[in-house]
Amino acid sequence: MPDITGDVIRSGERFTAAVETLSDAQVREPSTLPGWNRGQVITHVARSIDAYLWLLAVARTGVEPGPRTDAAALSRAVQAGAGRPARDLAADVRGRLSRLADEAAAMPAERWNVLVSALAGWSHPAWYTLYRCWRELETHHVDLNVGYGTARWPGTYVTWALDDTLAALGAHGFPVARVEAVDLGRSWNLSPTGPTVTGTGHTLLGWLSGRGSGTGLTVDRPLPEPPKWPLPPAPGWG
């Protein structure tokens with residue numbers, strides 16, 4: 001597997017640097033996620049990294065490091081932590097990312113392929129946990145509404161996320177025939193029927209992830225509504 005730990009940490013540094021520019025009042029302002037303020041988004045990211053740390057510990061040791069936080073407890077933790085000062089919110093994410101880097105460095109090579117289970121019930125190799133964290137950071141950075149739009153997503157992230165998302169959509173019968181990312185020189189065939197959708201990679205991914213309306217995309221018939229994102233990945237781990 002490619003080592004993306006550096007990409008994850010750099011995404012985290014951009015995310016936390018953005019949080020550190022906010023005032024305590026600004027972290028209580030609305031994000032672009034309906035019903036969520038910025039503090040809730042930031043706390044959600046930190047608690048999600050805790051979940052990834054738990055999964056990596058299970059993969060490395062074969063033993064659960066403690067009780068797993070369920071969805072209800074995660075929701076309570078997000079609400080409880082959202083009112084903290086901006087400095088504390090940023091430090092929370094930064095500290096979790098430091099632990100994630102340490103956990104990744106300690107992982108024996110043969111343990112990266114151990115299957116772990118997402119809270120939603122689907123399984124994936126331990127290495128995919130890092131990709132989930134990367135997606136969490138880049139997506140929710142956009143949600144903070146601090147000037148970080150989809151056009152600022154790194155090309156490496158956009159390429160991976162399009163591959164991952166479109167494979168999952170194809171496996172779930174999403175009614176799009178073909179997707180073409182003109183700036184990446186990439187295309188994907190999904191379905192025998194449906195529109196062909198063409199645009200820049202970040203615009204395509206923004207639309208598919210619910211972080212863009214699809215404005216700027218070229219289509220030959222109406223766009224379907226993407227399902228709630230992210231989907232479980234397509235089956236068939238290598």
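This is a predicted model, so every value here is computed, not measured.
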>> How close do W207 and P224 get, counting heavy atoms only, and between which atoms?
In response: CZ2-O, 3.4 Å

>> Side chains of L144 and V41, heavy atoms from C-beta outward: is any pair under 4.5 Å?
In response: yes

> Judged by modelled atom types alone, do S11 and R14 share a side-chain donor-acceptor pair under 3.5 Å?
Replying inline: yes

>> With side-chain hydrogen bond (donor to acceptor under 3.5 Å, both in side chains) as the criterion, how do R94 and T16 come out once you've worked through the C-alpha distance, each side chain's angles and the decisive distance to 0.1 Å?
In response: CA-CA 7 Å; R94 194 182 298 279; T16 52; 3.2 Å; yes

> Heavy-atom distance under 4.5 Å between the side chains of W160 and I4, does that happen here?
Replying inline: no

> Can a donor-acceptor pair be found between the side chains of R28 and N37 at a distance below 3.5 Å?
Replying inline: no

> Are any side-chain N or O atoms of W54 and backbone N or O atoms of G66, one a donor and one an acceptor, separated by less than 3.5 Å?
Replying inline: yes

> Does a sphere of radius 6.0 Å around CZ in R186 hold more than 12 heavy atoms from other residues, nucleotides or ligands, not counting ones at 6.0 Å or beyond?
Replying inline: yes

> Are side-chain heavy atoms of T165 and S209 found at a separation under 4.5 Å?
Replying inline: no

>> Using the side-chain contact (heavy atoms from CB on, under 4.5 Å) definition, which of the options L166, L231, L208 pairs with F174?
In response: L208

> If you draw a 6.0 Å radius around CZ in R87, do more than 12 non-hydrogen atoms from other residues or ligands fall strictly inside?
Replying inline: no

> Parallel, tilted or perpendicular: which fits the ring planes of Y128 and Y131, with parallel below 30° and perpendicular above 60°?
Replying inline: parallel

>> Whether the T203 and T200 side chains hold a donor-acceptor pair (N or O, under 3.5 Å, no angle test) is what I'd like checked.
In response: yes

> Within 45° of the axis and under 6.0 Å from the centre of the six-membered ring of W127, does NZ or CZ of R111 qualify?
Replying inline: no

>> Walk me through whether H141 and W153 qualify under ring pair (Phe, Tyr, Trp, His ring centres under 6.0 Å).
In response: CA-CA 10 Å; H141 196 164; W153 278 337; over 10 Å; no

> Taking the inter-plane angle between the rings of W36 and H44 on a 0 to 90° scale, is it parallel (under 30°), tilted (30 to 60°) or perpendicular (over 60°)?
Replying inline: perpendicular

